[in-house]
Amino acid sequence: MGNPLYDRLFGIHAGKNTPFLHLPDGQTMTHAAFLDMAAQIANALTGYELEPGERVAVQVEKSPEALALYAACVQTGLIFLPLNTGYTATELQYFIENSGAKLVVCDDAKAEGLAPITAAQNARLETLNADGSGSLMRRSMGMLPAFEPVRRAEDDLAAFLYTSGTTGRSKGAMLTQANLLSNAETLVQEWRFTRDDVLLHALPIFHTHGLFVATNVVLASGGSMIFLPKFDLEDMLRLMPRATSMMGVPTFYTRLLDDDRFSDDLARHMRLFISGSAPLLAESHERFETRTGHRILERYGMTETNMSTSNPYDGERRAGTVGFPLPDVDLKVTDPETGEPLPKGEIGMIEVRGPNVFQGYWQMPEKTAAELREDGFFITGDLGRVDEDGYVHIVGRGKDLIISGGYNIYPKEVELVLDDQPGVLESAVIGVPHPDFGETPVGILVPEPGQTPDPEAILANVQDALARFKHPRKLIVLDELPRNTMGKVQKNVLREDYKDLFTRG
Ligand code: MCA
Ligand code: AMP
């Protein structure tokens, strides 16, 4: 039985002095050196007396050590729970409590703020910093660089990724070894990754895109990656000549296109550009082709499903579509009210089924039952249609969600914080078009009778409650919110009214 995820992503590289991580300082870490580091961390983890299946909550900057911690969790059978580095202590408290994590790893700078939370939870707190220092690595350094992976089955859980919901409470999506492995192996085939690939990796590694799509695909193919701490335009332009492929959110592509130095010369040698996490405007797709001769390959996925569709490697990559269902994925479009399949071409709810689909939300059986059908179809909350050639088009969202630069913001979560502010009777948060982030949140506030809410003071107040990327870019005070005859807030009216806030001239 072994440990399939470890064996097929990491173990296959044992003893190989082939390059794995090209670092910004010019150093290259081989697969073998990376596995040695992972094994040392795995040995350190066993000292915490955690049982396989327990959660390790990790909020750290992107580094080779952070990636090795992921490998070490797979090896030891612990569930890896990565968290956005932007989350505040208030947000982290929920994830730690909800997941019941018994080990939390964070940056030294955040340890003091988290200590009371981990103490209350009876969890260990260790640190790992961007430069690889910290208590976890001090402990690992003295350990043997060899570790016999704990036996795991394909249907054992490997990772929890939290995703917010329309009620404002985050849900832990439970992903098994098979969910991650099947998707990585399918994508290697679909996108033709080989050991010759060098992926330009500038995504964060706490979400599906940067961790499971980008990293797992490189691991499964035996290639290497230029591992950048974050997206930095200068680094991207400097290092692209050494890469063969790139994965990014649409903001990566618009930022590259907005710089004249991003030329045909820089991109000509590249094999593949992939985009996802948010809609890529057909206009960006076309500008990119005109500038570089490359057609970006757009794909579609979710935290709960990994990747579900992709434009073809060979054949037409159709702008404004997310391509075809992956070979092992069933996709149907259903009537959102009845769940009945709709005829081809009609717009409805996208549902997907396959080995990529998660097991449910941690300790939330009702939410799981509401979104994951007994026959295995997952109700994505995305509205779409399949055209006459089989291409899937995402045409909107049935869920109230804003995607800013690839990060999801659930308006309800922000509204709950705004509603609590002095002088605010109620609020509505909407996404409006933004030239850099695609969409950005705007808050509409209705004052309590006789009160005048102060937008600046309110924006200062939300700092502790919400990660920076969730902060409304603007707050607007209105006497009342537009409502339909049922009393429901008409967000479509607000979105129309404020659609030009950031894009006009
Ligand atoms: C940073 N800020 C943001 C964002 N990122 N605000 C809104 N939206 C964001 N995405 C904040 C910063 O904290 C900063 O705050 C200010 O905005 C401007 O920062 P800037 O330097 O412009 O941002 P950046 O550091 O360059 O980051 C922008 C980014 C980054 C490169 C687009 O957000 C990014 O790498 N996004 C990728 C997200 C991703 O991987 N999503 C995949 C999710 P201040 O003003 O205080 O300085 S997985 C998924 O969606 C599914 C499964 C899928 O299909 O892939
Ligand atoms: P997350 O919750 O971070 O997994 O985000 C998943 C959501 O991102 C999906 O439900 C879609 O709404 C959106 N998404 C991902 N890829 C695409 C894409 N290529 N086009 C449009 N939306 C996308």
Side-chain angles (χ1 to χ4, degrees), residues 61-62 82 84-88 161-166 170-171 173 175 183 187 201-215 228-236 247-256 274-282 284-285 296-311 317 319-323 349-352 356 358 371 378-384 392-410 431 434-441 459 463 466-473 502:
E61 295 297 333
K62 185 175 172 185
N84 192 317
T85 46
Y87 290 150
T88 63
L161 258 64
Y162 274 79
T163 162
S164 290
T166 42
S170 276
K171 304 167 286 185
L175 295 152
N183 213 234
L187 296 176
H201 191 305
L203 290 158
I205 54 168
F206 44 70
H207 280 313
T208 298
H209 197 164
L211 187 63
F212 301 142
V213 187
T215 304
L228 301 175
K230 65 184 286 262
F231 180 93
D232 176 275
L233 190 59
E234 300 303 317
D235 282 346
M236 299 298 279
M247 293 185 196
V249 296
T251 301
F252 284 21
Y253 291 100
T254 48
R255 286 187 181 182
L256 285 169
I274 300 176
S275 176
S277 304
L280 181 75
L281 294 179
S284 307
H285 200 285
I296 298 172
L297 184 155
E298 186 170 7
R299 66 18 168 219
Y300 157 70
M302 280 183 78
T303 299
E304 290 90 333
T305 64
N306 292 288
M307 297 304 101
S308 292
T309 76
S310 172
N311 267 282
R317 299 179 193 162
T321 83
V322 292
M349 178 63 70
I350 295 181
E351 300 191 21
V352 294
N356 53 320
F358 76 139
E371 295 182 34
F378 174 66
I379 305 167
T380 61
D382 290 309
L383 300 175
V392 178
H393 299 238
I394 311 276
V395 299
R397 297 181 199 128
K399 52 194 171 192
D400 195 12
L401 164 70
I402 300 166
I403 306 183
S404 164
Y407 287 150
N408 290 5
I409 301 163
Y410 278 84
H434 188 274
D436 186 28
F437 291 131
E439 280 182 298
T440 201
L459 282 178
Q463 308 278 341
L466 298 170
R468 172 78 182 102
F469 70 88
K470 298 178 192 168
H471 295 187
R473 294 264 147 181
F502 296 96

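All values below come from the heavy atoms of this structure, side chains included, with hydrogens, waters and symmetry mates left out. Note that ligands are numbered from 1 as they come in the structure, with each ligand's atoms numbered from 1 the same way. If you read the sequence from its start, that first residue is 1, and numbering goes on from there.
- Residue contacts with ligand 1 do not include Gly210, since none of its heavy atoms lies under 4.0 Å from the ligand.
- Ranked by closest heavy atom to atom 43 (C) of ligand 1, the top entry among Gly248, Gly406, Gly301, Gly405 is Gly406.
- The list of salt bridge (charged side-chain N to carboxylate O under 4.0 Å, His left out) pairs with a residue in residues 205-215, not counting sequence neighbours, is empty.
- With a 4.5 Å cut-off on side-chain heavy atoms, Lys230 and Glu61 do not count as touching.
- Rounded to the nearest 0.5 Å, atoms CG (Leu161) and OG (Ser170) are 11.0 Å apart.
- At least one side-chain heavy atom of Leu401 sits under 4.5 Å from a side-chain heavy atom of Ile403.
- Between Thr88 and Ala467 the shortest heavy-atom distance is CG2-N, 4.0 Å.
- Residue-ligand proximity, Phe252 to ligand 1, at heavy-atom distances under 4.0 Å covers atoms 31 (C), 35 (O).
- Closer than 4.0 angstrom to ligand 2 sit non-hydrogen atoms from Thr163, Ser277, Ala278, Pro279, Glu298, Arg299, Tyr300, Gly301, Met302, Thr303, Val322, Asp382, Arg397, Lys399, Ile403, Asn408.
- Thr380 contributes atom OG1, which lies 5.0 Å from atom CD1 of Ile350 (distance to the nearest 0.5 angstrom).
- Below 4.0 Å from some heavy atom of Thr303 lie the following atoms of ligand 1, by number and element: 52 (C).
- For Glu304, there are no salt bridge (charged side-chain N to carboxylate O under 4.0 Å, His left out) partners at least two apart in sequence or on another chain.
- Counting protein heavy atoms only, atom 46 (O) of ligand 1 is closest to Arg468 NE, 2.5 Å.
- In this structure, the protein non-hydrogen atom closest to atom 35 (O) of ligand 1 is Pro204 CD, 3.6 Å.
- The nearest heavy-atom contact from the protein to atom 33 (O) of ligand 1 is Tyr407 CE1, 3.4 Å.
- One finds the CZ atom of Arg317 at 8.0 Å from the CD1 atom of Ile274 (value rounded to the nearest 0.5 Å).
- A distance-only check finds a donor-acceptor pair linking the side chain of Thr309 to the backbone of Val322 [under 3.5 Å].
- When the heavy-atom distances from atom 23 (O) of ligand 1 to Lys470, Glu439, Arg255, Lys230 are ranked, the shortest goes to Arg255.
- Across the listed options Ala214, Ala173, Ser404, Ala467, Ser404 owns the non-hydrogen atom lying nearest to atom 7 (C) of ligand 1.
- The protein reaches atom 25 (O) of ligand 1 closely, with a heavy atom under 4.0 angstrom from it.
- Closest to atom 31 (C) of ligand 1 among all protein heavy atoms lies Phe231 CB, 3.6 Å.
- Every salt bridge (charged side-chain N to carboxylate O under 4.0 Å, His left out) that Lys171 has, sequence neighbours left out, goes to Glu371.
- Under a 4.0 Å criterion applied to the non-hydrogen atoms of Leu203, ligand 1 contributes the atoms 40 (O).
- Between Asn84 and Tyr407, the closest side-chain pair of non-hydrogen atoms falls below 4.5 Å.
- Between Pro250 and Arg255, every side-chain heavy-atom pair lies at or beyond the 4.5 Å cut-off.
- For atom 49 (C) of ligand 1, a protein non-hydrogen atom is found at a distance below 4.0 Å.
- Considering backbone and side-chain N/O of Thr251, none are found under 3.5 Å from N/O of ligand 1.
- The shortest distance between side-chain heavy atoms of Met302 and Asp382 falls below 4.5 Å.
- Considering Arg299, Met247, His207 only, the shortest heavy-atom separation from atom 54 (O) of ligand 1 involves Arg299.
- The nearest protein atom to atom 6 (N) of ligand 1, hydrogens excluded, is given as Arg473 NH2, 3.2 Å; this is a heavy-atom distance.
- Below 30°, between 30° and 60°, or above 60°: for Phe252 and Phe231 the angle between ring planes is between 30° and 60°, a tilted geometry.
- Around atom 18 (C) of ligand 1, the closest heavy atom drawn from Phe437, Phe212, Tyr300, Phe469 belongs to Phe437.
- Within the listing of ligand 1, atoms 52 (C) sit less than 4.0 angstrom from a heavy atom of Met302.
- At the top of the distance list for atom 42 (C) of ligand 1, counting protein heavy atoms only, stands Ser277 OG, 3.3 Å.
- Asn306 is listed as a side-chain neighbour of Leu175, based on a closest heavy-atom distance under 4.5 Å.
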